[in-house]
Asker: 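Submitted below is the structure of interest, expressed as structure tokens.
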Amino acid sequence: MKRNLSTLIFAILATLVFNTSAMAADEAEYQAALANARQALADAQQQVQLWTTSEVLLEEAAEAAASGNFDLAVEQVNEAVLHAELALATAEREKKVWQKGVPK
Amino acid sequence: MRLQRRALIRSLIAAAAILAVPRWLFASRPDKAFDADNADTVISDLFDSPLIESDQVTLKVPDIAENGAVVPVTVSTDLSDVESISMIVDNNPTPLVALFELSPQSVGEVSVRMKMGESSVVRTVVKAGGQYYTASKEVKVTIGGCGG
Amino acid sequence: MGSPIKIRAKIKDDIAEVKALMPHPMESGVRVDADTGEAIPKHYIQEVVCKHNGNVVTKAFWGTGVSKDPYMAFKFKGAKPGDKLEISWRDNTGDTSVKEITFK
Amino acid sequence: MKSFFIACFLFLAVASAHATPEEDRLALREFFAQRFPDMDLNEMINGLYAFDEGAREQWVEMEDFPPYEIAIEDGEGAFNKTFANGKSYADCFENGGIGIRQNYPRFDTESGEIITLEWAINQCRKDNGEAPLPWLTGELAAISAYMAYTSRGNEMSVVIPDDPRALEAYESGKEYYYTRRGQLEFACENCHMQSAGNKLRADTLSAMLGQATHWPVYRSKWGEIGTLHKRFKECNSQVRAKPYEAQSKVYRELEYFLSYMSNGMEMNGPASRR
């Protein structure tokens with residue numbers, strides 16, 4: 001368990017270092033992020049209603065990528081995934097509280 | 001003989017009916033006024049004498065339009081010899097919405113539903129007895145989309 | 001041939017009250033097709049003629065500012081049960097529609 | 001013996017946690033009766049026009065010759081056309097399809113599906129070898145409008161049969177109605193119960209009671225007649241939740257719950273709305 005946690009922390013740190021490094025994102029990185037995002041969105045949609053913003057962000061990412069701005073493209077793709085995670089979080093919370101609104 | 005006379009009378013009546021047919025203001029649609037992009041041009045194109053504000057012209061439109069796509073408007077008047085009734089929405093891309101021509105048989109009241117892109121002055125001009133009478137009202141258009 | 005006109009008419013104290021609904025897109029020419037991004041061409045009724053027993057009682061000229069599926073109402077004197085009422089329209093493409101009813 | 005008591009206790013616990021649909025419906029009416037003590041609750045079948053006098057006047061004027069009449073006429077024509085096999089819609093429905101709108105959606109104990117009226121219309125087509133129609137607008141909505149028109153004045157009478165699957169579907173629809181969703185985190189309830197009758201920007205919000213009695217609807221905003229599921233999709237988009245497909249299980253369950261809540265109210269479809 002402890003080992004898992006430290007692996008996770010290492011992974012997060014590694015990601016941060018990678019992302020903040022001076023290296024600009026390229027098309028390959030965008031494609032990888034996109035594939036990852038598509039999977040994450042599809043998984044999330046199985047469980048809850050996603051936000052429409054996720055798709056809008058992916059469209060913005062595609063536009064940015066088309067104009068060669070892969071930094072922005074990757075950023076928008078990650079934002080899309082974040083919005084899917086937030087949708088999941090809302091759904092988790094709502095499972096516990098939705099009945100409060102029902103008149104008794 | 002008798003039959004012929006009847007036919008003659010009938011044709012005379014028919015001719016009288018034709019003579020009684022009103023002289024329409026516009027033989028065809030006044031396209032120029034309908035294409036004009038501001039209300040002043042519409043008014044100067046259509047009406048050849050000054051407009052007179054009149055409380056004998058009733059313009060019924062909502063204060064706040066429920067939906068700009070469908071704004072009900074009814075114009076009615078007590079004036080006699082009404083020849084035409086037109087509706088103009090100042091802020092529409094082409095302000096002239098409709099021009100109704102009435103025959104002497106008509107009652108001075110017409111309704112139509114019109115589009116309004118934004119809040120605007122709505123005016124009507126009634127031609128009666130050769131004069132132009134007008135009434136106007138400010139109509140607020142709100143843009144929404146969540147009602148139901 | 002355009003869609004059929006719907007007419008509702010009644011006689012009250014010698015005055016005919018006529019209401020008509022005319023299925024028609026009334027395209028103003030300023031709307032853009034969301035799918036193709038192209039402007040939807042103008043398509044609207046320009047002239048409506050109303051006849052009582054063959055005589056024109058009201059003529060309407062319309063611009064693009066009349067609502068979709070136009071509605072109009074008007075009144076005239078001297079109508080009797082059994083009289084004919086005809087309403088017809090012509091749009092900017094030359095399309096027409098005619099409908100005749102008999103007063104009850 | 002002991003286990004019997006435990007069983008009883010568990011049963012009571014479950015029963016009190018889950019009110020019956022009828023208890024839900026009565027509690028909902030009580031909720032609105034308290035929020036709007038001066039209003040006849042049955043007025044709520046007219047949506048926002050129950051609340052907004054200025055809008056109501058224009059709506060009444062529209063009702064003089066409402067734009068949905070075109071759809072009723074088209075729908076009647078389509079309804080009475082015979083299929084290639086010689087049968088027609090009338091053969092698929094009880095009472096020849098006339099005056100039955102108030103019984104939909106219904107739970108089909110055979111298939112376990114919620115059958116909305118639109119679902120039944122397309123099922124009828126499929127059973128008779130015809131291609132199904134698109135769900136949101138057009139011919140299907142027109143047929144639905146005609147069938148609703150023949151049912152005006154009847155009372156909404158949605159039935160939840162004694163079948164655990166039916167109750168489950170009802171409960172799912174109920175949970176959906178009260179669950180916040182989308183980036184704006186709004187539940188249907190937030191707008192149509194807590195804020196019913198209030199303005200959201202320029203629009204007055206309708207109440208949940210009576211929300212299912214008047215479909216399909218000619219919305220001026222759409223410029224055509226559309227089905228309830230078209231509105232569901234639009235509501236979802238408005239709170240920035242990715243809509244489901246029309247007639248998906250989720251939406252049919254939602255309609256089942258929503259319609260049951262309007263039970264006893266007058267059917268008044270089709271209707272026109274802003």
Side-chain angles (χ1 to χ4, degrees), chain C residues 1-12 15-35 39-45 48 50 58 60 62 64-76 85 87 89 91 95 97-101 103-104, chain D residues 49 55-81 134 136-146 149-150 152 216-226 230 233-234 236-238 240 242-243 246 269-274:
Chain C
M1 187 74 187
S3 302
I5 300 167
K6 291 173 71 73
I7 303 176
R8 214 177 269 164
K10 61 176 179 197
I11 299 172
K12 216 167 122 188
I15 291 178
E17 296 182 11
V18 183
K19 291 166 183 170
L21 194 66
M22 307 166 212
H24 197 283
M26 296 301 283
E27 280 298 346
S28 59
V30 296
R31 287 201 321 141
V32 173
D33 186 319
D35 296 331
I40 303 170
K42 271 185 190 176
H43 185 201
Y44 66 105
I45 295 175
V48 184
C50 312
T58 302
W62 287 349
T64 53
V66 171
S67 301
K68 182 178 183 217
D69 299 338
Y71 164 86
M72 71 179 270
F74 61 96
K75 297 177 177 177
F76 65 89
L85 175 75
I87 298 182
W89 58 250
D91 71 17
D95 198 4
S97 184
V98 186
K99 175 78 178 259
E100 188 185 76
I101 61 152
F103 279 104
K104 283 197 188 112
Chain D
Y49 306 118
R56 188 188 177 91
E57 270 173 35
Q58 291 168 61
W59 170 69
V60 168
E61 210 163 317
M62 289 280 286
E63 282 296 297
D64 220 21
F65 214 145
Y68 56 70
E69 289 213 357
I70 299 164
I72 294 175
E73 205 171 278
D74 290 352
E76 183 175 6
F79 182 88
N80 290 322
K81 251 195 326 226
L136 302 180
T137 58
E139 192 173 329
L140 183 79
I143 294 169
S144 175
Y146 169 67
Y149 185 68
T150 66
R152 278 191 175 183
V217 163
Y218 183 105
R219 289 200 92 195
S220 303
K221 195 179 146 192
W222 297 340
E224 61 186 331
I225 195 124
K230 179 171 167 67
K233 287 175 84 111
E234 191 178 51
N236 276 163
S237 303
Q238 280 165 337
R240 293 187 204 144
K242 190 181 167 182
S272 71
R273 294 288 185 267
R274 59 167 42 170

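Throughout, a chain's letter reflects where its sequence line sits, starting with A, and its residues are numbered from 1. The structure displayed is predicted, hence computed values, not measured ones. These numbers come from the heavy atoms of this one structure, side chains and all, not from hydrogens, waters or symmetry mates.
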Asker: Do Phe76(C) and Thr58(C) pass the side chain to side chain contact (heavy atoms under 4.5 Å, CB included) test, and can you show the C-alpha distance, the side-chain angles, and the key distance before you say yes or no?
Answerer: CA-CA 9 Å; Phe76(C) 65 89; Thr58(C) 302; 5.7 Å; no
Asker: Look at the rings of His24(C) and Trp89(C) and say which category their plane angle falls in: under 30° parallel, 30 to 60° tilted, over 60° perpendicular.
Answerer: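 Perpendicular: the ring planes of His24(C) and Trp89(C) meet at over 60°.
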Asker: Show your reasoning for whether side chain to side chain contact (heavy atoms under 4.5 Å, CB included) applies to Tyr71(C) and Lys19(C).
Answerer: CA-CA 7 Å; Tyr71(C) 164 86; Lys19(C) 291 166 183 170; 3.6 Å; yes
Asker: Between Ser67(C), Ser3(C), Pro23(C), Pro4(C), who has the most heavy-atom pairs with chain D when the cutoff is under 4.5 Å?
Answerer: Pro23(C)
Asker: Given heavy-atom pairs under 4.5 angstrom as the criterion, report whether the side chain, backbone, both or neither of Ala73(C) touches chain D.
Answerer: neither
Asker: Please look at Glu69(D) and chain C and tell me whether the side chain, the backbone, both or neither of the residue comes under 4.5 angstrom of a heavy atom of that chain.
Answerer: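 Both backbone and side chain of Glu69(D) come within 4.5 Å of chain C.
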Asker: Counting neighbours of OH on Tyr149(D) that are heavy atoms of other residues, nucleotides or ligands and sit closer than 6.0 Å, is the number greater than 12?
Answerer: no
